[in-house]
Participant: 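Attaching a single structure in structure tokens format; questions to follow.
In what follows, every chain begins at residue 1, and chains take the letters A, B, ... in the order their sequences are listed.
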Amino acid sequence: MGWTLVQTQTASSVSFIQFTIDGTYDEIMFVVTHYRPTTDEQELEWQVKTSSYGSYNRGIQSNNYLMWVNRGTGGDQMSFYGGSPWWQDSSDAETQAFLGGEGTTTTGTGGNAAQMGASGALTFYKPQDTTHWKHWDAKQSNIYTGNGTLAQTNNYPIYTSGYVKEAEALTGIRFNCRSGSIAVGTFSMYGLA
Amino acid sequence: MGDGEVIMGLTLISTSTASSSASIAITSGIDDTYMAYEFHFYNIHGAEDLQLFTFQVNDYAQPIQTCMYRIHTLDSSSPDTSAGPMATFDQHIGETATGNGSQDGDDRFAAIGIYTGADDATDSLSGMMKLYDPSDTTYSKHFISRVTLNSSQQSAEYLHTNIVSGYIKTTSAVTGIKFQFDDGNIDSGVIKMFGVS
């Protein structure tokens with residue numbers, strides 16, 4: 001059986017989006033499209049809960065690599081974000097960054113707010129496993145502008161990977177902004193048996 | 001499109017479960033039915049520490065070229081991070097069975113995961129490899145993989161992300177594939193093969 005759409009939720013100025021993970025699938029994938037925060041420069045993040053830990057604060061170790069290019073003539077670099085919440089160790093127990101966020105900029109050649117969105121996919125492997133930690137990987141592409149000029153309007157493909165340091169089954173996931181609310185975005189959960 | 005609806009795209013062809021297995025060989029189901037095949041790895045756990053997770057195809061002696069990019073980080077507030085090309089574990093056309101000092105076992109197998117862990121029960125590898133148009137008889141066969149693994153080294157825990165792309169330099173159809181560690185058994189884990197349509 002191929003990927004099965006489990007549920008879709010549409011955000012409209014909400015604090016968070018949550019999904020229940022019930023262990024039906026060996027792989028689950030969350031596809032988020034056209035995310036924007038209400039507050040400028042606030043990335044979309046996630047955290048999980050497990051069968052005996054009901055709070056969204058599990059230990060996550062992660063890393064990333066990224067590329068960026070601007071709409072002018074600069075950029076074209078490969079790099080990585082070297083700190084939390086994009087790159088964290090499990091003792092942080094922080095929310096993990098997923099999508100870059102641009103909010104309300106409406107001025108300048110690169111500043112059309114409706115275009116300043118981010119989309120991506122986050123996959124978990126064997127979320128129901130009770131022996132191993134939970135591997136995940138994600139990829140995203142976003143548009144961000146510093147001041148609305150072409151030279152500071154950038155595209156960032158970012159790839160993140162890691163594990164949730166829990167041998168228990170994952171039972172839920174929450175998506176929220178680093179600060180503020182999720183202005184818009186479509187969140188779909190898929191399962192692969 | 002309603003919730004619960006099946007999205008076409010991946011068709012499950014086979015499921016292979018390791019249990020102290022020397023390797024996992026998939027010798028049927030790779031043909032011209034699909035333009036691409038995906039191999040999904042779930043919690044592959046080796047018997048030996050610090051090994052390579054590798055693959056070969058057909059007669060397991062095919063010329064393979066790879067390019068590996070890797071990121072690793074220590075699970076610590078002083079994370080000992082490193083990222084970049086990992087030429088040490090690139091595979092090269094013309095590799096012989098015993099020609100690569102950085103590998104144990106049969107060096108013609110190409111690495112898609114490095115520094116795998118076995119010390120702790122939680123050590124394992126997950127991810128995906130995609131093989132494009134294996135039944136083609138004109139071109140070399142391209143593939144790309146991305147795996148994530150956690151590996152304990154004494155009291156330290158490492159996270160590794162390995163991205164590998166490459167090609168199998170053959171104009172013969174690829175009809176079989178084998179996965180193994182370069183030393184030691186696959187203690188446990190599951191590999192599912194999907195057809196992409």
Side-chain angles (χ1 to χ4, degrees), chain A residues 1-9 24-27 29 31 59-66 78-84 86-92 123-139 159-168 188-193, chain B residues 1-12 15 38 40-45 69-85 117 120-128 146-152 156-163 188-190 192 194-197:
Chain A
M1 180 175 292
W3 287 102
T4 300
L5 176 62
V6 178
Q7 185 184 12
T8 294
Q9 300 184 56
T24 301
Y25 300 100
D26 286 342
E27 248 174 278
M29 177 172 63
V31 177
I60 297 170
Q61 189 183 0
S62 63
N63 60 33
N64 67 75
Y65 66 101
L66 65 89
M78 194 164 185
S79 182
F80 57 84
Y81 282 134
S84 184
W86 288 97
W87 189 308
Q88 59 178 307
D89 64 86
S90 62
S91 64
D92 292 342
T123 301
F124 288 89
Y125 298 86
K126 281 278 188 184
Q128 71 276 47
D129 186 273
T130 56
T131 300
H132 302 96
W133 299 339
K134 309 303 179 298
H135 298 126
W136 57 268
D137 57 48
K139 54 189 174 185
Y159 296 81
T160 47
S161 301
Y163 59 82
V164 179
K165 195 175 180 178
E166 291 291 347
E168 295 187 346
S188 295
M189 175 180 174
Y190 297 86
L192 184 64
Chain B
M1 186 178 299
D3 293 355
E5 186 171 343
V6 175
I7 309 302
M8 297 308 292
L10 294 185
T11 299
L12 178 62
T15 300
E38 289 188 359
H40 291 225
F41 312 113
Y42 302 100
N43 295 324
I44 305 295
H45 178 87
Y69 184 88
R70 69 89 169 83
I71 312 163
H72 86 250
T73 181
L74 174 66
D75 191 6
S76 163
S77 56
S78 300
D80 181 28
T81 56
S82 183
D120 291 347
T122 51
D123 289 348
S124 69
L125 172 153
S126 301
M128 188 270 282
R146 181 183 180 186
V147 302
T148 301
L149 64 102
N150 59 293
S151 178
S152 57
E157 299 285 353
Y158 284 90
L159 164 66
H160 295 268
T161 300
N162 302 144
I163 300 103
S188 60
V190 171
K192 289 187 175 184
F194 297 88
V196 181
S197 57

Participant: Looking at B/M128, B/H72, B/H45, B/E157, which makes the most heavy-atom pairs under 4.5 Å with chain A?
Facilitator: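 When all of B/M128, B/H72, B/H45, B/E157 are compared, B/E157 has the most.
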Participant: Quick one: CZ on A/F80 to OG on B/S82, what's the gap to the nearest 0.5 Å?
Facilitator: 8.0 Å
Participant: For a side-chain hydrogen bond (donor to acceptor under 3.5 Å, both in side chains) check, start with the C-alpha distance between A/H135 and B/T148, then their side-chain angles and the critical distance, and finish with the verdict.
Facilitator: CA-CA 6 Å; A/H135 298 126; B/T148 301; over 6 Å; no
Participant: With a 4.5 angstrom heavy-atom cut-off, which part of A/T160 approaches chain B: side chain, backbone, both or neither?
Facilitator: backbone
Participant: By a 4.5 Å heavy-atom criterion (distance strictly below it), what part of A/K165 contacts chain B: side chain, backbone, both, or neither?
Facilitator: side chain
Participant: Measuring heavy-atom distances to chain A, does B/S76 have an atom under 4.5 Å in its side chain, in its backbone, in both, or in neither?
Facilitator: backbone
Participant: Of the listed residues (B/G127, B/S188, B/S77, B/G84), which shares the most heavy-atom pairs with chain A below a 4.5 Å separation?
Facilitator: B/G127
Participant: Kindly indicate whether the side chain of B/L159, heavy atoms from C-beta on, has any atom under 4.5 Å from the side chain of A/Y163.
Facilitator: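 Counting from C-beta outward, B/L159 and A/Y163 do come under 4.5 Å.
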Participant: With heavy-atom distances below 4.5 Å as the criterion, would you say the side chains of A/H132 and B/Y42 are in contact?
Facilitator: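 Of all side-chain heavy-atom pairs linking B/Y42 with A/H132, none is under 4.5 Å.
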Participant: To the closest 0.5 Å, what do you measure between CH2 (A/W87) and OG1 (B/T73)?
Facilitator: 5.5 Å
Participant: Out of B/D120, B/N43, B/L74, B/T161, return the one with the most heavy atom pairs under 4.5 angstrom to chain A.
Facilitator: B/N43
Participant: Less than 4.5 Å apart, side chain to side chain, heavy atoms only: is that true for A/Y65 and B/I163?
Facilitator: yes
Participant: Which heavy atom of A/N64 sits nearest a heavy atom of B/I71, and at what distance?
Facilitator: O-CD1, 3.6 Å
Participant: At a heavy-atom separation under 4.5 Å, does A/D129 approach chain B through its side chain, its backbone, both, or neither?
Facilitator: side chain
Participant: To the nearest 0.5 Å, how far apart are CG in A/D26 and OG1 in B/T15?
Facilitator: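 So the gap between those two atoms works out to 8.0 Å.
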Participant: Give, as side chain, backbone, both or neither, the part of A/M189 having an atom under 4.5 angstrom from any heavy atom of chain B.
Facilitator: neither
Participant: With heavy-atom distances below 4.5 Å as the criterion, would you say the side chains of B/R146 and A/D137 are in contact?
Facilitator: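 Yes, their side chains come closer than 4.5 Å.
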Participant: At what distance, to the nearest 0.5 angstrom, does NZ of B/K192 lie from CG of A/L192?
Facilitator: 6.5 Å
Participant: Testing the basics here: between B/F41 and A/Y125, what is the closest heavy-atom pair and its distance to 0.1 Å?
Facilitator: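 Result for this residue pair: O-CD2, 4.0 Å.
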Participant: Among B/V147, B/L125, B/V190, B/D123, which has the most heavy-atom pairs under 4.5 Å with chain A?
Facilitator: B/L125
